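Note that the structure is a prediction, hence the values are computed from the model and not measured. The sequence lines fix the lettering, A, B, ..., with proteins before strands; numbering per chain opens at 1.
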Number of protein chains: 2
Amino acid sequence: MLTRDSGPQPADFADVRATNLAVVLRHLRTDAPCSRADIAAATGLNKATVSSLVTDLIERRLVREVGMTENRIGRPAMMLVLDGSPYAAIGLEVNADYLTAVVLDLAGERLLSWRRSFTGAASSPGQAIASLAALAKRVLAKVTREERRVLGLTVGVPGLVDADGVVELAPNLGWREVDLRKSLLTALNQPSYPLLVENDANLAVLAEQRFGGQGATADLVYLAGGAGIGAGIICDGRLLRGGRGFAGEFGHLPIDPAGPLCGCGRRGCLEAMAGLGALIRRALPETTASPSEFGPHVDEIHQLAKAGDPRVLEALAATGRYLGQGIAILANLLNPECVALGGYFTVLAPWLIPDAERELLAGSVAGHGGGTRVIASALDSSAPAAGGAAHILDAIDAGALPTP
Amino acid sequence: MLTRDSGPQPADFADVRATNLAVVLRHLRTDAPCSRADIAAATGLNKATVSSLVTDLIERRLVREVGMTENRIGRPAMMLVLDGSPYAAIGLEVNADYLTAVVLDLAGERLLSWRRSFTGAASSPGQAIASLAALAKRVLAKVTREERRVLGLTVGVPGLVDADGVVELAPNLGWREVDLRKSLLTALNQPSYPLLVENDANLAVLAEQRFGGQGATADLVYLAGGAGIGAGIICDGRLLRGGRGFAGEFGHLPIDPAGPLCGCGRRGCLEAMAGLGALIRRALPETTASPSEFGPHVDEIHQLAKAGDPRVLEALAATGRYLGQGIAILANLLNPECVALGGYFTVLAPWLIPDAERELLAGSVAGHGGGTRVIASALDSSAPAAGGAAHILDAIDAGALPTP
DNA sequence: TTTGTTTGTTTAGAAGCCCAACTAAAGGCT
DNA sequence: AGCCTTTAGTTGGGCTTCTAAACAAACAAA
């Protein structure tokens with residue numbers, strides 16, 4: 001069956017071809033290097049069909065032959081791999097205090113990983129977009145110098161992004177109703193490659209799915225710990241966006257009606273209880289935490305935790321408990337297989353997970369937390385940008401091959 | 001494009017054919033009666049292809065010609081409709097106090113709607129399964145007498161159901177680890193049609209999507225109000241089941257840590273605050289509510305609300321507020337377009353919705369509640385069984401046509 | 001050298017789509 | 001009445017692309 005949910009779109013031979021090209025490409029992504037015969041055996045496609053498909057992919061420079069096997073009975077096989085070299089997928093991220101850029105080749109190898117500091121909260125949207133466009137241009141220039149074709153560019157933003165790439169609301173950037181996609185299209189001179197804008201946690205979960213080592217987890221959540229706490233949610237293998245693209249606002253789950261005031265105006269939101277601001281206040285009460293200095297404070301907490309400082313350990317345990325209460329809500333509603341603690345939570349995860357898991361087990365209706373595991377993300381702060389690039393690769397893997 | 005997420009499955013001509021047959025079938029479901037030319041124009045398929053597909057569908061007795069148009073310029077068109085008569089899709093539901101059965105024909109017309117009282121909570125799983133199998137056999141006998149072919153049978157259960165049709169936990173039935181699918185397969189003599197077991201709220205949301213008049217809402221939640229409160233969730237057009245099929249446990253969202261004790265052992269779960277038991281206690285404090293007598297109590301509350309009884313109105317308003325808090329959590333995490341109040345909530349919805357919407361607006365991060373609307377379900381208590389039958393039709397619409 | 005194994009290509013066949021031309025069956029106009 | 005216009009549906013040919021089966025190529029083992 002070709003499609004069980006393609007809506008009203010009829011199919012023709014071109015669709016068969018595109019589907020099968022994508023099947024071969026995906027097989028090579030996961031099992032390279034392998035021969036045409038291997039692909040035929042693994043996919044069920046006819047050997048002749050595989051030969052035809054591989055010829056096509058080689059002509060499009062998506063696949064490359066890398067030499068023969070030796071010392072085996074029978075005719076030696078010509079091994080195939082994805083050919084990353086002629087293409088590049090670009091991911092960018094705007095955040096309150098930095099911009100990041102990641103470029104992947106077709107095979108998923110990281111070609112570039114830049115991070116530059118940036119005063120997002122202090123800038124106007126126009127200034128921020130200019131900085132972002134400047135970074136994009138530097139990246140594009142480097143990619144072009146290497147004679148790579150750009151497959152697409154995705155920008156992650158810490159806020160609500162609608163389906164047209166308009167940032168409805170990004171509190172930490174001070175943005176509201178910013179048409180980021182349109183502005184960037186203009187700044188980059190109406191490029192021919194796809195340019196997308198997405199929520200940063202949504203992109204991070206794509207990166208976690210592709211690079212996080214959780215295998216082919218079809219139901220995965222990434223929690224982006226920072227001043228706020230965003231969630232990127234993958235259900236049944238697909239990113240969950242909701243009707244208007246505003247899904248995943250994990251940080252505003254109500255945890256304690258008598259809790260501290262949250263930036264959104266309510267009391268006791270999860271991020272007011274378990275966000276970095278609250279953690280720093282609890283762990284380092286002498287410090288006055290400002291969002292632009294989270295990094296050093298997290299390092300300090302990390303060091304003190306390793307040294308066994310009791311106040312820090314208790315602060316982390318409390319944060320883990322609140323997080324666990326939020327994760328229990330996720331588990332009851334979405335029953336994910338895995339929740340990855342990302343952002344600033346990643347390095348602190350060893351001290352957060354035990355208490356979070358305890359709350360999860362206590363708070364979930366299904367036994368054993370419905371099978372939900374809590375883990376530390378395998379990624380660093382480049383996750384959203386890497387996910388942006390991975391998002392482009394996902395489209396390729398799904399069959400949207402670049403035209404030859 | 002045939003499929004963007006069909007996994008590793010390659011495609012061939014049979015898939016193209018199946019896809020296009022399904023496209024024609026779906027068009028006829030929504031736009032019948034219409035002519036071959038209409039279908040070609042609407043779907044983009046070639047006229048010749050549509051003729052061939054329609055011939056095929058008529059041979060399979062899925063489609064019927066119903067006569068010519070008249071009084072129009074040009075050659076009269078032969079109008080086509082879905083031919084419901086040779087097929088039947090069966091949905092059953094087990095609940096604490098009743099069993100229901102619904103049979104739909106291929107066109108979605110209701111052929112049968114049975115309800116019989118039943119003491120689920122008082123019976124052992126074996127007795128309950130025997131009653132259910134007896135009902136199924138009566139339904140099957142009737143369908144067979146009408147010379148209809150059974151397309152499939154789906155059973156709804158108020159509890160956690162895993163992917164293999166094992167009921168892990170159904171508190172209101174007193175079930176734990178009951179392999180309902182296997183038992184029914186045996187009782188029905190290993191039938192050749194598909195037999196599925198699903199959570200009742202999951203089936204109800206399928207019914208709401210198909211029959212509820214919300215059009216093609218791709219992000220929809222159905223809240224099944226009873227002793228507990230289950231949620232059936234459709235995201236991006238697909239049922240959300242989670243990693244082990246345990247998603248949608250809306251009733252155990254924590255609302256008030258100091259609230260009343262819930263059946264699950266915690267305090268202040270949404271269903272302990274806003275379930276029917278709590279509503280009846282607040283609205284009719286003289287009564288001692290037992291789950292098997294919810295129906296009459298709801299009727300009484302409904303009458304008193306219409307009469308303007310202040311205590312009942314306040315009880316309903318409180319229930320609406322708690323529900324709204326839960327819906328706000330849904331809106332922040334999933335951003336559905338629409339939340340339908342079902343089960344016993346349906347008739348009370350006019351008194352619940354205003355307060356629920358107020359809480360939703362107050363509790364959602366995105367403006368205007370992220371666009372989420374709260375409505376009364378258009379369906380009655382047969383919704384899960386109807387959804388079970390609709391689930392079979394969904395598979396047909398997706399291309400799994402019955403073999404000729 | 002012969003035999004067996006494995007790889008990948010070639011050739012023929014079939015399925016099923018699209019296009020274009022055709023037939024069919026009406027209403028409208030002179 | 002006769003012809004034109006309009007719309008519906010069929011027919012035949014061409015095209016793409018899958019499959020199956022035969023075949024050629026390259027090597028190891030005997």
message = Does B/A48 reach a base, just sugar-phosphate, or nothing at all? Heavy atoms under 4.0 Å.
response = base
query = Starting at CD1 of A/I73 and ending at P of D/dA26, how long is that distance when rounded to a whole Å?
reply = 18 Å
task = Round to the nearest Å and state the distance from A/N46 atom CG to C/dG13 atom P.
result = 16 Å
task = Please state how far atom CG in B/D15 lies from atom P in D/dT17, giving the value in whole angstrom units.
result = 15 Å
task = Look up atom OG1 in A/T154 and atom CZ in A/R181, then write down how far apart they are to the nearest 0.5 Å.
result = 10.5 Å
request  = Please state how far atom CE in A/M79 lies from atom C1' in C/dT7, giving the value in whole angstrom units.
outcome  = 12 Å
ask   = Is the closest side-chain heavy-atom distance between A/V102 and A/L112 below 4.5 Å?
value = no
ask   = Going by atom types alone, do B/S192 and B/R149 pair a side-chain donor with an acceptor below 3.5 Å?
value = no
request  = Can you tell me the pairing partner of D/dA30 across any strand shown, Watson-Crick or G-U wobble, with both distances under 3.5 angstrom?
outcome  = C/dT1
ask   = With a non-hydrogen cut-off below 4.0 angstrom, is A/M78 in contact with a base, only sugar-phosphate, or nothing?
value = sugar-phosphate
task = Could you tell me whether the phosphate oxygens of D/dT17, OP1 or OP2, come under 4.0 Å of any side-chain nitrogen or oxygen in A/T49?
result = no
task = Using a 4.0 Å heavy-atom cut-off across all strands, classify A/S52 as base, sugar-phosphate, or nothing.
result = nothing
task = Working to the nearest 0.5 Å, report the span between CZ of B/R238 and CZ of A/R238.
result = 3.5 Å
query = C/dC17 phosphate, OP1 or OP2: any side-chain N/O from B/N20 under 4.0 angstrom?
reply = yes
query = Between A/L53 and A/M68, who's closer to the 5' end of DNA chain D by nearest nucleotide?
reply = A/L53
request  = Starting from C1' on D/dA20, measure out to CZ on B/F13 and report it in whole angstrom.
outcome  = 13 Å
inquiry  = It should be established whether A/S35 places a side-chain nitrogen or oxygen under 4.0 Å from OP1 or OP2 of nucleotide C/dG8.
reply    = yes
request  = Starting at CZ of A/R64, measure out to CG of A/L80 and round the result to the nearest 0.5 Å.
outcome  = 10.5 Å
message = If I take atom CD1 in residue A/I39 and atom P in nucleotide C/dG8, what distance separates them, rounded to the nearest angstrom?
response = 9 Å
task = Measure from CZ on B/R36 to P on C/dA24 and round the result to the nearest Å.
result = 16 Å
message = Measuring from the side chain of B/D12 (C-beta onward, heavy atoms only), which nucleotide among C/dG16, D/dA26, D/dT19 has the closest atom?
response = D/dT19
task = Could you tell me whether the phosphate oxygens of D/dT16, OP1 or OP2, come under 4.0 Å of any side-chain nitrogen or oxygen in A/R17?
result = no
inquiry  = If I take atom NZ in residue A/K47 and atom P in nucleotide D/dT19, what distance separates them, rounded to the nearest angstrom?
reply    = 13 Å
message = Quick one about A/T43 and A/R26 (side-chain donor to acceptor, distance below 3.5 Å, no hydrogens or angles considered), yes or no?
response = no
note = With the side chain defined as heavy atoms from C-beta on, B/P76 is closest, among D/dC27, D/dT19, C/dA26, to C/dA26
ask   = Which residue, B/L45 or B/G74, contacts DNA chain C at a nucleotide closer to its 5' end, judged by nearest heavy atom?
value = B/L45
ask   = According to a strict under-4.0 Å criterion, is A/R75 in side-chain N/O contact with OP1 or OP2 of C/dT5?
value = no
message = Does C/dG8 have its OP1 or OP2 closer than 4.0 Å to a side-chain nitrogen or oxygen of A/S51?
response = no
